[in-house]
Each structure stands twice: as structure tokens, then as C-alpha cells.
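Before any comments, here is the structure.
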Amino acid sequence: MEEKIKIIKDLSVEEREDVFVDIARMLEGTAREAFVEGHRHFAALSANMAQAIFVNADELARDDVQNAERVLEQATAMITQFKALHPYRMMSRALH
């Protein structure tokens, strides 16, 4: 994902929007995993950021590229932080 951030300036508006949608989906997945593991605060932050990116993906893709880069950097930082603390993915998300 870092390579996409570096070349975001070279992408078309549609491709940028696709990148935002992909990162938002990744944030949603991270939020689900964090919630199941009991990290409700991190789950809420990830879910809120994902929702904000979904809602504003079109504007982010069309407007200032530097702001778009910052949003992508923050989102990937959240995902990276969660993966660093939880290197092993969950096999099941069942709640009992």
C-alpha cells in the first residue's frame, strides 16, 4: 500500500478513488478484528476513519493531492500499528 501512496499523484481520479475504497475496506476489517479481540477503542477509531473515507472518497480523489496523501498515510499507519501489535491474523471471528 505504501507504493500506492508514493504514486498517488500519477493516478487518475478514478484510480485514486479506488485506492481510497480499498484502504477503507482494510480499515473496516481491522476494526472488526480489533473489536473481536476486545480493543473497542481502536475498533471505533478504525471504523470511524473507514466511514469517513467511504463518505469522502470522491472529494479526496478530486481535491488536493497532498491532503489525499496525508489521509492515506494516516490510514496505513493505523493498519500497520494494529498489525504490529497483532502479527497473527484471526482464523475465526465468532463471538461466544
Side-chain angles (χ1 to χ4, degrees):
M1 187 56 66
E2 283 83 22
E3 59 273 354
K4 288 185 180 179
I5 293 172
K6 292 178 184 175
I7 61 167
I8 194 82
K9 295 175 184 174
D10 300 333
L11 298 177
S12 69
V13 174
E14 292 81 16
E15 291 170 331
R16 281 189 223 155
E17 192 170 354
D18 289 341
V19 169
F20 280 113
V21 170
D22 290 344
I23 197 79
R25 286 188 182 133
M26 290 174 65
L27 277 168
E28 281 185 333
T30 301
R32 271 187 246 110
E33 286 184 32
F35 182 77
V36 170
E37 290 184 7
H39 303 286
R40 289 176 176 21
H41 182 69
F42 188 85
L45 287 173
S46 295
N48 288 339
M49 182 178 262
Q51 186 62 30
I53 291 173
F54 272 132
V55 170
N56 297 306
D58 184 47
E59 291 175 24
L60 287 167
R62 294 182 191 285
D63 292 341
D64 188 18
V65 177
Q66 290 179 345
N67 289 334
E69 285 178 357
R70 283 190 209 117
V71 170
L72 287 175
E73 286 171 0
Q74 290 174 353
T76 56
M78 286 189 70
I79 293 168
T80 302
Q81 179 184 9
F82 184 76
K83 286 183 179 179
L85 294 174
H86 306 283
Y88 304 106
R89 295 203 67 185
M90 294 175 44
M91 297 313 236
S92 171
R93 293 185 181 121
L95 292 175
H96 299 281

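Remember, it's a predicted structure, so these values are computed and weren't measured experimentally.
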- request: With sequence neighbours excluded, tell me which residues meet side-chain contact (heavy atoms from CB on, under 4.5 Å) with Gln51.
  value: Val55

Result block: side-chain N/O donor-acceptor pairs under 3.5 angstrom for residues 39-46, not counting sequence neighbours:
from: His39; atom 1: NE2; to: His86; atom 2: NE2; distance (Å): 3.3
from: Ser46; atom 1: OG; to: Phe42; atom 2: O; distance (Å): 3.2

Distance, nearest 0.5 Å, that separates [atom1] of [X] from [atom2] of [Y]:
| X | Y | atom1 | atom2 | answer |
| --- | --- | --- | --- | --- |
| Glu28 | Ile23 | CD | CD1 | 12.0 Å |
| Arg25 | Ile53 | CZ | CD1 | 12.5 Å |
| Met78 | Gln81 | CE | CD | 7.0 Å |
| Glu33 | Lys83 | CD | NZ | 8.5 Å |

task: Just jot down the side-chain hydrogen bond (donor to acceptor under 3.5 Å, both in side chains) partners of Glu15, sequence neighbours excluded, or say none.
output: Ser12

- request: Please list, chain by chain and in numerical order, all residues satisfying side-chain hydrogen bond (donor to acceptor under 3.5 Å, both in side chains) with Arg70, sequence neighbours excluded.
  value: Asn67

field: Hydrophobic cluster (4.5 angstrom, side-chain heavy atoms) - remaining members for Val21
entry: Phe54

message: According to salt bridge (Lys or Arg N to Asp or Glu O under 4.0 Å), who are the partners of Asp58, at least two apart in sequence or on a separate chain?
response: Arg62

query: So which heavy atom on Ala75 is nearest to which on Met49, and how close?
result: CA-SD, 3.7 Å

field: Exercise: identify the closest heavy-atom pair between Val13 and Ala61
entry: O-CB, 3.6 Å

query: Tell me, do Leu11 and Asp18 make a side-chain contact under 4.5 Å, heavy atoms counted?
result: no

- prompt: Phe20 versus Val71: any side-chain heavy-atom pair under 4.5 Å?
  reply: yes

